[in-house]
Every structure is written in C-alpha cells, then in structure tokens.
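The next block holds one structure in the form of structure tokens; read it before the comments.
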Protein chains: 2
Amino acid sequence: MNPNRRFKDEIYDQFSRIGKAVSSPKRLELLDILCQGERTVENLARETSLTVANTSQHLQVLKNSRLVEQEKKGLYVVYRPAPMVCEFFFSMRKIAENRIAEIEQIKNRFLEGKKGMEPVDRDALIKRIQKEEVTILDVRPPEEFRAGHISGAVSVPLQELELMLAKLPKTREIVAYCRGPYCVLSVQAVELLNKKGYHAVRLEEGVQDWRAMGLPVASGE
Amino acid sequence: MNPNRRFKDEIYDQFSRIGKAVSSPKRLELLDILCQGERTVENLARETSLTVANTSQHLQVLKNSRLVEQEKKGLYVVYRPAPMVCEFFFSMRKIAENRIAEIEQIKNRFLEGKKGMEPVDRDALIKRIQKEEVTILDVRPPEEFRAGHISGAVSVPLQELELMLAKLPKTREIVAYCRGPYCVLSVQAVELLNKKGYHAVRLEEGVQDWRAMGLPVASGE
DNA sequence: CTATTATTCAAGCAATTAATTGAATAGTAT
DNA sequence: ATACTATTCAATTAATTGCTTGAATAATAG
C-alpha cells in the first residue's frame, strides 16, 4: 500500500483508541466517577451496577488507551484518571449536552413530578449560597467530600441523611448537591427532605463545575 | 429496573453516541479533513481512500451523533463540522499525542530518512516566518487556502508545485505547511523541493494550530 | 501453611459494526 | 421525457465487542 496512506491509517488508528475507550456508556460512567476521585475496582463495580470482572475488563480497556492509571495499594487496586482526561471528558459531556436533545428530555422525564427539582434561577441560587443565606449539603460519600467540596458545605452522605435530620434547621432553606447533573444522590436527598417538611432544592452543579465557574472550593476536614 | 439506574444508563448511553462516532479511525480522518473546511462526499471519499458509499455511511453516523451538519447544494451534499466539534477533536488529538507513545513512533518511522523533516527549532522557525526571512508555501488545495491560511503564505497546491518551481527563489529558505502534523502534503512538497536543490523545511503546524497560538491568519484571495 | 479477599484472566455466546456490492433516489442538463 | 451524476439505501459477510461464568493470581491475616 501507498506509504502515505499507511501512515495516515496507522495514525488515525491510534487516535481511535481514545475514541473506542469512550464509546461505551459504562466506561463513560466509570470515567465520570473517577473524575470525582480515585476508586477501587469493587467500589466502581458497586456504583455502576456491573460485575467486578466486567468492571475490571472495562478498566483494562481504559488503561490500554491510557485514560486511567492504576496503583496497587495492598490488597486493592486503585484507579484514577490520567492527566487531562477529566477535561477531555467534560468537553465531551458538554458537546453531548449541547447537541443531543435527547439528554435534556431524559433529564426532564426523570425529574418530572419531583419536588424541589424544578429548574431554579441558578445565578440567584448561587448568590444566596455565597451570601450563606442557605444551608449547603454535600450528600456524596465522605471520601469525595474530603477530596474537594463547595466552600461552606456540610458533609451529610445520603445514607446518613435520615439520621441527621434532627440537626438540620427546618426554617432555613437547604441546598443539596452531589457529583453533577447526572448524579442522583442530591435528587434523593431533596426528595427525602421535602417529604419530611424541609424546604430543600437541588443544585445541579458538582464540585468540578463549581471550581470551573471560579467559585471557592475547599478540601479535607 | 431501579429508576435511578435506568436514568444513568439512558444518560451515559446518549453520551456514548459521541464516543461511538469518534471510535472509528476513518471517521476521525473525515472529521480532521472537515475541520479544514466543508466538503462534498466525493471529495472526502477521495481524500480518505474510501468508497463513496462507505464514506456516505460514515457521514451518516457522524450526522446521527450530531458531529457534522449537511446541506444540499444542487447535485452535491456538502458536509461541515457542527459547532464546537473541531475544538473537541483537537482536545482528543492532544490527549492522544500526549499519552499514546506509539503516535510519536509512527511519525518518526514515517519521516525517517527524509530530508528537511528533522525536528527544527520550532520557535526559531516561527520567528523567522514572522520576520519574513523565509518564503512560506501553503501546499493544500486552493479552497483550503482561501478558507484560511497563515498570513504571508503563498498558495502552491502540491499538484502544481512542480510547474511553479521556476518562480521560487533558490537562495531563500522555503517553509512548507499543510493541514497539520498528520498531513503528508507538506512532507511531499519538502521532499520534492530538496530533491530539486531548494532549501526547504516542513512546518508541522496547520492553520488551526497557528491560530490557536495567537498568530495571524488571513483568508480569501 | 491455610483461608480469605480483591482483582484479573480465559473461554464462549449474543449483539454490534465496518466494509462491500448492487440497486434506488434526487437533482441537473439536453 | 432521457441521460447523467452525486448520494443514499439495503442486504450480506467478516470481524469486533460486551457480558457472563468459572478458574487463576496476588496480597494479607490467622
């Protein structure tokens, strides 16, 4: 074959390794989770409703296309996204949200009929958060809160929310957030809170979006 | 199934439409070419060494994932990238170049033994270009030159290079460029020029990269 | 050493995809 | 109308991929 043609075929073949890695919905979900912080295989399997073997296979694919890195820590293998990968994932997500109308529809259908999920005036909400006029709940697992959270937020993992209810103010408005627009933890939190008589709304943005907007993020504690 | 799980599956399934679109080497090549300017199916088929039917099918896939748009112009159908798609493609290319070592190897193997292709001091070359100490040749097809080219460059499509040789200065250094690092037009141009006794080198960057570096780009003429 | 746990490997099946071929459609020119 | 050209459609084949299952490996604890 023509060497020029061969060169191009070889080059685009290499590029397509990245594309193949992100052509599977489950691998995208894995990447999304990994962008919140490193995880073990088992943890990822639980989050994605995959078998452990299947999760491991998907992670091998991601590793072979250099999108994730792994590190053995004792009995566990911890995976984390490679540099630049999260930015790439977000640009892909953004293009999907902007150009694929079905995504908005799926979101609306899912949130339909749920209280506190109506699209709020985002900028107004963010202003109130900044002025500390509301209580902000980070309902993700505690490791994720530690890895980075919205400044001023309180860590109340969804699982513990019911037990912690007593400590929350009934009069003050509550804003719950989790990993971003496709994470349902905050949806469940807001549902529960409203059922119990609190005034709660959901913030769609996750920590990444928050940071990307230039707003303050804290970590640790 | 659990409605939360269903929601996630549906969402990531939509995201994966973008990934599936860019998981094929040929579709990536098509996108790369389209980012240089709109094209007809036939033209794309010729550039990619695909059959017309096959090209059309790939373009349908890209259209269904909303990465390209089409417009019927008389007998022809003209395709062009959708908004944000080229930025996305470039970020994908960048991640591939940075993380997949094979790409550099393939490039080196291809350029090995060719004169004028040795990696030059890029910044020094760009300075000389800006100071107009060298002649810059844009060896892409004329439509692409018209759609946008490096300021000060002269359009000499590769096909016409041999005929235009007489008009080129033998003493002054010549810099040839085309679509970017994976376009071989400039490689062929530099090879020909050096064989004929000119002093020619290749600029790896394409117009997009040039613009991205904040350097002046012109169009028309 | 043995048992336990986390992860990976290997084989097999069902579903999806890329490329090929030949036919169909839609504009244009005569 | 008829001929011609660019593009798309439809059917087929070969190759690839995702998931499941059960076994293998590796680190740790008793």
Side-chain angles (χ1 to χ4, degrees), chain A residues 1 5 8-10 12-31 33-34 38-65 67-80 143, chain B residues 1 5 8-10 12-31 33-34 38-65 67-80 143:
Chain A
M1 198 199 303
R5 184 69 259 159
K8 286 189 191 176
D9 284 349
E10 286 175 356
Y12 288 108
D13 215 60
Q14 293 298 325
F15 285 172
S16 76
R17 290 170 66 179
I18 306 289
K20 289 203 174 79
V22 294
S23 70
S24 142
K26 287 299 185 181
R27 283 196 289 269
L28 287 168
E29 191 174 351
L30 288 169
L31 277 181
I33 297 169
L34 286 173
E38 55 179 40
R39 298 301 175 96
T40 65
V41 179
E42 217 196 352
N43 188 319
L44 288 165
R46 209 171 326 108
E47 288 266 13
T48 53
S49 318
L50 288 170
T51 62
V52 171
N54 200 356
T55 305
S56 175
Q57 280 188 136
H58 278 304
L59 289 167
Q60 298 307 311
V61 175
L62 289 171
K63 195 183 70 174
N64 287 332
S65 49
L67 293 185
V68 304
E69 295 167 349
Q70 66 181 171
E71 186 190 343
K72 185 124 199 181
K73 283 193 181 172
L75 202 47
Y76 297 84
V77 177
V78 164
Y79 282 85
R80 76 179 128 260
E143 319 87 76
Chain B
M1 199 201 300
R5 185 68 258 160
K8 286 189 191 175
D9 284 349
E10 286 175 355
Y12 288 107
D13 214 61
Q14 292 299 324
F15 285 171
S16 76
R17 290 170 66 180
I18 306 289
K20 289 203 173 79
V22 294
S23 69
S24 143
K26 287 298 186 183
R27 284 197 289 271
L28 287 168
E29 189 173 353
L30 289 169
L31 277 181
I33 298 169
L34 285 172
E38 55 180 41
R39 299 301 175 95
T40 65
V41 179
E42 219 197 349
N43 189 317
L44 288 166
R46 209 170 329 108
E47 289 264 15
T48 53
S49 318
L50 289 170
T51 63
V52 171
N54 200 355
T55 306
S56 174
Q57 282 188 138
H58 278 304
L59 290 167
Q60 299 306 312
V61 175
L62 288 170
K63 195 182 70 174
N64 286 332
S65 49
L67 293 185
V68 305
E69 295 169 348
Q70 66 179 172
E71 187 190 343
K72 185 124 198 177
K73 282 191 181 173
L75 201 49
Y76 297 84
V77 177
V78 165
Y79 282 85
R80 77 178 127 260
E143 322 85 76

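Just so it is clear: chains get the letters A, B, ... in the order the sequence lines come, proteins before strands, and each one is counted from 1.
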Separation of [X] atom [atom1] from [N] atom [atom2], in whole Å?
X: Q70(A); N: dC9(C); atom1: CD; atom2: C1'; value: 14 Å
X: Y76(A); N: dT4(C); atom1: OH; atom2: C1'; value: 12 Å
X: Y79(A); N: dT7(C); atom1: OH; atom2: P; value: 9 Å

Can you name the side chain to side chain donor-acceptor pair (under 3.5 Å) partners of S16(B), sequence neighbours left out?
->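 Result, side chain to side chain donor-acceptor pair (under 3.5 Å) vs S16(B): K20(B).
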Can you name the ring-ring contact (aromatic ring centres under 6.0 Å, His included) partners of Y12(B), sequence neighbours left out?
->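 With neighbours one apart ignored, the set is F15(B).
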Quick one: ring-ring contact (aromatic ring centres under 6.0 Å, His included) partners of Y79(A), sequence neighbours excluded?
->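 Residues passing ring-ring contact (aromatic ring centres under 6.0 Å, His included) with Y79(A): none at all.
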So, do V68(A) and L30(A) sit near enough that their side-chain heavy atoms are less than 4.5 Å apart?
->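 No, side chains not in contact.
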Do L50(B) and H58(B) come within less than 4.5 Å of each other through their side chains, counting heavy atoms only?
->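 A side-chain contact exists here, since the closest heavy-atom pair is under 4.5 Å.
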With sugar-phosphate meaning primed atoms plus P, OP1 and OP2, does [X] contact a base, only sugar-phosphate, or nothing at under 4.0 Å between heavy atoms?
X: T40(B); value: sugar-phosphate
X: Q57(B); value: base
X: S24(A); value: sugar-phosphate
X: V52(B); value: base

OG/S24(B) to CG/L31(B) distance, rounded to the nearest 0.5 angstrom?
->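 Separation between the atoms: 9.5 Å.
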Expected output: side-chain R27(A) to main-chain A21(A) donor-acceptor under 3.5 Å |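 A pair under 3.5 Å: yes.
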Heavy-atom contacts, protein to nucleotides 24-30 of chain C, under 4.0 Å, summarised as B (base), S (sugar-phosphate only) or - (none) per nt, yield --SBS--
Using the heavy-atom set of chain A and a strict 4.0 Å cut-off, write down the first and last nucleotide of DNA chain D that makes it in, 5' to 3'.
->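 For DNA chain D, the relevant span reads dT17(D) to dT28(D).
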Within residues 47-63 of chain B or reaching into it, pairs that qualify as salt bridge (Lys or Arg N to Asp or Glu O under 4.0 Å) - sequence neighbours excluded =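 Only R39(B)-E47(B), E47(B)-R179(B) qualify under salt bridge (Lys or Arg N to Asp or Glu O under 4.0 Å).
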